[in-house]
Participant: 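Have a look at this one before I ask anything.
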Amino acid sequence: MAKNTSPKTLKVKVSEKVKVYDATSITVLEGLDPVRKRPGMYIGTTGTDGLHHLIWEVFDNSRDEAMGGFADRVEVVLLPDNRIRVVDNGRGNPVDMHKQTNVSALETIMTTLHAGGKFGGEGYKVSGGLHGVGVSVVNALSTYVRADVYRDGGHFVQEYEIGKPKAKVKKVGASDLNGTIITFEPDISIFKEISFEWNRIVAHLRQQAYLVKGMHLRVIDARETKVPNLDNTFWFADLGVEAPSQTFYFEGGLRSLVAFHNQYQKPIHRHIFYVEKENVDAAVLSVEVALQYVDDISARITAFANNIHNAEHGTHVTGFKTALTRTLNNYARKNNFIKEKDESFTGEDVLEGITVVISVKMPEIQFEGQTKSKLGSVEARSAVETVFGDAFATFLEENPDDAKAIANKVIIAVKARKAAKAAKDSVLRKGALEGMTLPGKLADCQTKSAEESELFIVEGDSAGGSAKMGRDRRTQAILPLRGKILNVERARIDKMLDSEQIKNLVIALGTAIGDVFDLSKLRYHKIIIATDADVDGAHIRTLLLTLFYRYFRPVIDGGYVYIAQPPLYKIQKGKATTYAYTDAEKFEILGEEGESAQIEGSAPEMEVEGGNESVEEEDADSSVDEEGETSKRKIKTHIQRYKGLGEMNAEELWETTMNPENRILKQVHVEDAADADRVFDILMGTDVGSRKSFIQSNAHMANLDI
Ligand code: 0RA
């Protein structure tokens with residue numbers, strides 16, 4: 001058991017204080033029918049977000065067990081046939097008879113919606129938002145669930161179909177292990193598509209691992225693995241079967257998360273500040289803050305409430321900003337960094353270059369905002385303000401080198417603010433953006449309804465031309481981008497606005513930028529980045545994502561940014577034309593001949609520089625003619641590999657990439673954008689060492705011109 005003492009204290013104190021959370025507090029127990037009738041009410045959507053929500057829901061229970069200090073190891077396994085398995089070595093979900101329902105506690109937890117209060121007495125959990133709806137919701141939306149409980153010397157099992165138990169909980173053997181395993185298979189009739197995204201799962205679970213110090217968390221992708229029967233195996237790892245996996249273990253908790261965010265940055269001081277305080281007041285169970293400044297101008301603020309990521313921030317962030325500004329002003333005045341009486345650091349000055357993670361836990365929690373990810377609970381504000389303010393003042397006193405470096409950095413920010421203000425005033429206030437006419441490059445759509453409108457940001461004039469001709473001009477607008485857009489990494493807003501391309505984009509978006517940014521003025525609710533499937537395309541996409549991440553974050557948080565997925569191949573088999581969006585799809589369409597076609601051409605990575613690589617095949621096909629005799633006939637297969645959007649004519653571009661009926665769009669999540677931001681730091685930043693190693697380890701996309 002890893003050393004993890006503090007959460008234990010938290011737990012005891014909480015159950016003393018918050019009396020309502022005992023077994024008698026279950027106010028309403030409902031059947032699961034409403035979940036299947038209106039799944040969106042419980043998991044948000046039946047799209048890919050809702051699908052992944054099922055994993056988070058099951059994982060949250062195991063994570064809470066680790067956070068309480070009862071488990072130190074959790075495993076999430078993606079299995080073949082859309083099954084997910086979550087394992088923890090905690091106390092094991094209780095299986096004894098429940099007084100109220102006369103069925104086992106396990107069955108009650110798995111088959112009833114728990115409205116009001118938290119189920120299960122001592123099993124304290126902080127709750128919040130869509131999270132914490134309960135594992136019964138996962139059960140209701142799964143064709144199959146199996147719960148394995150190891151406790152009290154036994155191994156207990158219960159299986160379910162669409163939320164209904166197949167039999168009573170059964171003891172299947174003796175065991176001295178402790179823990180819980182939940183395996184589930186989402187119901188294909190509920191979800192539009194069942195396609196788990198490895199990168200998204202890894203990003204979410206990594207973030208969660210930072211929140212529970214000392215938890216060993218492993219994610220395993222066994223979807224393509226031949227998996228032996230797991231019924232009597234606890235850890236997947238014990239099977240001795242090979243599968244791709246990632247393991248997360250962070251002794252430093254939030255400190256490690258700050259270090260991770262700063263891995264490609266240059267910290268300007270040595271020590272990462274850290275504070276953790278429990279039982280702050282009746283409404284706030286704990287406050288945790290870690291921060292470090294780097295040599296950069298943007299602020300990376302990451303906030304959590306009850307382990308839920310708050311992309312739209314909220315009261316805890318407000319409290320933090322207030323305390324940060326006040327504490328740094330006090331320090332700077334006392335130590336003569338600020339000499340003028342009426343001079344002081346602004347909230348913006350002290351945020352430049354900061355990387356900070358804030359986490360609060362509260363028994364009751366309220367969210368607001370467009371995506372319900374903004375913390376609204378007022379008590380968090382003063383709790384963070386006090387806890388962080390006091391601890392940070394002490395940190396500055398005790399670490400004079402760090403304190404001086406931070407103060408000097410803020411002074412540079414003040415100078416830059418003053419210099420930029422003049423420029424900004426002349427650009428922004430004079431209305432260079434507001435009310436300015438839409439750029440000539442933009443082919444706007446006819447509708448004025450932002451909800452219906454889509455903006456395609458297209459790489460290159462030639463693809464732009466095809467897109468303009470092929471589009472649905474009522475709802476689709478096209479903005480072609482020529483070449484590389486400005487490197488926004490180290491540029492200030494005033495510099496950025498010198499770039500014609502960025503100015504065009506900002507005007508087209510309608511939101512303006514900086515302190516006059518206004519999300520409600522967004523002119524398109526789908527902003528679709530359409531770049532080529534090559535290295536330059538990836539580079540431009542990275543630049544655009546970084547721009548959105550740094551300057552238009554609410555546009556990403558609101559789910560308005562998408563990446564178009566143009567096809568990689570056009571396959572003509574006789575008269576029939578199909579498009580393949582992945583290599584796997586190409587092989588599927590071509591069958592065995594695809595493999596040989598692949599061999600005839602050069603390796604796909606090698607084709608990037610050249611012209612069109614086409615492979616033609618004479619394919620023998622049997623058919624029966626009218627006389628009933630079998631004859632051989634030749635069918636020609638033609639494969640075209642698309643190097644860029646510019647190679648498609650208007651009709652093809654519409655059919656494959658723009659037509660809402662056929663196209664594939666990938667919604668950009670803040671994790672994707674944050675990844676782009678990190679990659680961007682490597683490609684463009686000052687740290688030559690990591691740039692070199694990045695390029696070396698990504699040598700397969702080696703013609704980056706940076
Ligand atoms: C309620 C009470 C207890 C443990 C749990 C729930 C529990 C649930 C899950 C779900 C996944 N993993 C879990 N681990 C524990 C504590 C009962 C006791 O005192 O032993």
Side-chain angles (χ1 to χ4, degrees), residues 1-2 4 7-8 10-12 14-16 18 20-26 29 53-77 84-101 103-114 117-127 131-140 142 145-160 165 169 171 175-184 205 208-209 211-212 215-218 234-236 306-307:
M1 182 80 235
N4 196 358
K8 254 185 194 139
L10 172 76
K11 183 185 157 3
V12 172
V14 165
S15 44
E16 275 169 8
V18 190
V20 289
Y21 294 109
D22 64 19
T24 58
S25 76
I26 312 156
L29 293 176
H53 193 90
L54 301 183
I55 307 182
W56 314 157
E57 196 60 51
V58 174
F59 169 78
D60 281 358
N61 289 319
S62 295
R63 177 209 61 202
D64 286 351
E65 197 62 5
M67 211 164 56
F70 304 108
D72 67 352
R73 189 169 162 191
V74 177
E75 196 184 70
V76 176
V77 194
I84 303 284
R85 179 176 145 115
V86 181
V87 189
D88 71 66
N89 63 349
R91 294 166 296 177
N93 199 318
V95 286
D96 49 332
M97 279 297 172
H98 194 277
K99 291 181 206 94
Q100 245 182 349
T101 52
V103 290
S104 70
L106 178 63
E107 183 171 327
T108 309
I109 288 169
M110 297 301 295
T111 59
T112 35
L113 271 175
H114 313 123
K118 271 287 168 181
F119 187 83
E122 297 134 81
Y124 168 75
K125 279 202 267 179
V126 286
S127 61
H131 289 255
V133 290
V135 68
S136 61
V137 168
V138 177
N139 197 12
S142 297
V145 171
R146 174 179 162 117
D148 288 83
V149 173
Y150 292 78
R151 61 178 288 152
D152 307 330
H155 173 194
F156 305 86
V157 175
Q158 189 169 36
E159 291 178 304
Y160 317 82
V169 177
K171 182 171 172 180
S175 173
D176 44 21
L177 296 172
N178 273 305
T180 310
I181 303 174
I182 302 289
T183 309
F184 68 96
L205 294 178
Q208 290 290 315
L211 294 167
V212 190
M215 171 176 67
H216 294 259
L217 173 57
R218 177 170 288 182
F234 199 80
W235 302 113
F236 182 89
N306 293 358
N307 299 322

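Note that the structure is a prediction, hence the values are computed from the model and not measured. For reference, positions follow the sequence shown, starting with 1. Just follow the structure's listing: the first ligand is 1, and inside any ligand the first atom is 1.
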Participant: Please compare Arg151, Met110, Arg63, Glu65 and report which has the shortest non-hydrogen distance to atom 17 (C) of ligand 1.
Facilitator: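 It is Arg151 that holds the nearest heavy atom.
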Participant: Quick one: do His216 and Asp72 satisfy side chain to side chain donor-acceptor pair (under 3.5 Å)? Show the steps, please.
Facilitator: CA-CA 6 Å; His216 294 259; Asp72 67 352; 5.5 Å; no
Participant: What atoms in ligand 1 come closer than 4.0 Å to a heavy atom of Asn61?
Facilitator: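 Atoms satisfying the 4.0 Å criterion: 10 (C), 11 (C).
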Participant: Once rounded to the nearest 0.5 Å, what's the spacing between atom CD of Glu107 and atom OG1 of Thr112?
Facilitator: 9.0 Å
Participant: So between Val87, Asp88, Asn89, Asn93, whose heavy atom ends up nearest atom 11 (C) of ligand 1?
Facilitator: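 Result: the heavy atom closest to atom 11 (C) of ligand 1 is in Asp88.
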Participant: Which atoms of ligand 1 sit under 4.0 Å from any heavy atom of Pro94?
Facilitator: 1 (C), 2 (C), 3 (C), 4 (C), 5 (C), 6 (C), 17 (C)
Participant: If you look at every heavy atom in Met110 and Asn139, which pair is closest and at what distance?
Facilitator: O-ND2, 2.8 Å
Participant: Are Asn89 and Asn178 close enough, and set up right, to give a side chain to side chain donor-acceptor pair (under 3.5 Å), and what steps lead you there?
Facilitator: CA-CA 6 Å; Asn89 63 349; Asn178 273 305; over 6 Å; no
